[in-house]
Amino acid sequence: MYITVKKHILSNCILKVALVKILAALLEGLLRIILQKTSSATPDMLDIYLWHCQLVISGLQIIAVAIIFYFTWKHLNHYMKLVPKDDQQGFGELQKEYLKDKIASLSVSSVNRLLQLWAVIFIGAELIYGFTSIMYRRFIAILMDALSEGSGMTDGTFVMLYNMTHGFKYMEILAAILLGVVMTGIFLNDRYLKLASLAVLILFLLSFGVFQMQTVYLMGREIGIVWTSIIYHITETVGLVALSFYLSKAYKGL
């Protein structure tokens, strides 16, 4: 069966998640300004107060996203229960026959599968990302200790290692998001979604293996820009907003 074309359940859910991620990024940026360190010799992640704030924000973000998906699933489940499960396929065939081009782009069961897929990506992958962030922070702390003990590692070597390894922190969750986009593209037979995912992946790999960390000065403070981090955060915020609008405008009832 198909729901009305005026209901954009999946795209609205993705948009809400994107807004939560944008809010979390803005809050984290504000905290970086408030808790600004007097020394920029070490990465922000080693600041214990900022690190604890980031963990709290990450936890709240996961809870908020879980709530969004729970109520979205209840909303979708409400429409699915309007027609008995055994009659849904037959009802869908009738809708195809009489509604023709006014029918939704995907059946309610396909939307339900995509909703479950994105829930696993946004919640499960975010939990794994939190764990990898903790392990990566430990790794950077060990590097800093080695640098401070004068083991032969220079500041330039540390910056190079920091830039080269930073992409590992984001690779898993970015791959999960791109997988979600590709699977959505497969369900919809949309080559643009597949090509967009490929383009983001290539750009991320180039930034991971080729681009060097850039240094800028902002408000009298030296800030190192890691391109893998920039690409990931743009993808999970602006990219998800763009995906939501694309799905709502290009497809009916999605």
Side-chain angles (χ1 to χ4, degrees), residues 1-23 64-83 85 87-126 173-204 231-254:
M1 62 174 283
Y2 298 81
I3 60 175
T4 174
V5 296
K6 296 180 180 180
K7 298 294 183 181
H8 298 283
I9 293 179
L10 178 63
S11 56
N12 283 343
C13 181
I14 293 175
L15 178 60
K16 291 174 183 176
V17 172
L19 293 177
V20 168
K21 289 182 174 293
I22 291 173
L23 180 61
V65 170
I67 291 173
I68 290 172
F69 273 98
Y70 173 73
F71 283 103
T72 301
W73 177 81
K74 284 194 66 175
H75 190 195
L76 182 63
N77 198 44
H78 166 73
Y79 291 109
M80 294 177 69
K81 287 183 176 179
L82 293 177
V83 177
K85 188 174 182 179
D87 298 332
Q88 287 181 3
Q89 184 174 355
F91 188 68
E93 294 298 326
L94 288 175
Q95 288 177 301
K96 286 182 181 179
E97 181 178 351
Y98 288 100
L99 295 178
K100 300 185 184 301
D101 60 338
K102 295 181 180 179
I103 201 169
S105 300
L106 289 177
S107 66
V108 67
S109 59
S110 294
V111 174
N112 185 39
R113 293 189 189 99
L114 281 176
L115 193 65
Q116 293 178 53
L117 172 67
W118 280 107
V120 171
I121 289 171
F122 285 133
I123 299 173
E126 191 70 35
I173 191 168
L174 181 68
I177 291 175
L178 294 182
L179 176 62
V181 176
V182 169
M183 291 302 298
T184 303
I186 291 173
F187 269 79
L188 296 168
N189 195 25
D190 189 317
R191 63 176 181 177
Y192 296 111
L193 290 178
K194 302 172 189 176
L195 290 174
S197 299
L198 179 61
V200 173
L201 178 60
I202 292 174
L203 187 59
F204 180 81
I231 293 171
Y232 163 70
H233 287 298
I234 290 177
T235 301
E236 74 158 357
T237 53
V238 178
L240 289 179
V241 171
L243 173 64
S244 172
F245 278 107
Y246 176 75
L247 292 178
S248 64
K249 297 299 181 182
Y251 297 98
K252 302 172 184 177
L254 199 61

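If you read the sequence from its start, that first residue is 1, and numbering goes on from there.
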Go through V111 and F187 one step at a time and tell me if the side chain to side chain contact (heavy atoms under 4.5 Å, CB included) criterion holds.
CA-CA 9 Å; V111 174; F187 269 79; over 6 Å; no
Using only atom types and a distance under 3.5 Å, with no angle test, would you say the side chain of N112 pairs donor to acceptor with the backbone of V108?
no
Rounded to the nearest 0.5 Å, what's the gap from CZ on F245 to OG on S11? Could you check?
9.5 Å
What residue pairs, at least two apart or across chains, pass side-chain hydrogen bond (donor to acceptor under 3.5 Å, both in side chains) with a residue in residues 236-247?
K21-E236, D190-Y246, Y232-E236, H233-E236
Could you tell me the separation between the CZ atom of F71 and the SG atom of C13, rounded to the nearest 0.5 Å?
12.5 Å
If I take atom CD1 from residue I121 and atom CG from residue L178, how far apart are they, to the nearest 0.5 angstrom?
9.0 Å
With rounding to the nearest 0.5 Å, note down the distance linking CG in L179 to CG in L201.
11.5 Å
Test item: F122 and I68 side chains (from C-beta on) under 4.5 Å apart, heavy atoms:
no
Going from CG on L243 to OG1 on T235, what distance comes out if it is rounded to the nearest 0.5 angstrom?
11.0 Å
dist I177:CD1 -> I14:CD1 (nearest 0.5 Å) comes out at 10.5 Å
Heavy atoms of V65 and V20 approach each other most closely as CG2-CG1, 4.3 Å
Step by step, work out the side chain to side chain contact (heavy atoms under 4.5 Å, CB included) result for L193 and L247.
CA-CA 10 Å; L193 290 178; L247 292 178; 4.2 Å; yes
Mind listing the closest non-hydrogen atom pair of K194 and N189 along with its distance?
NZ-OD1, 4.3 Å
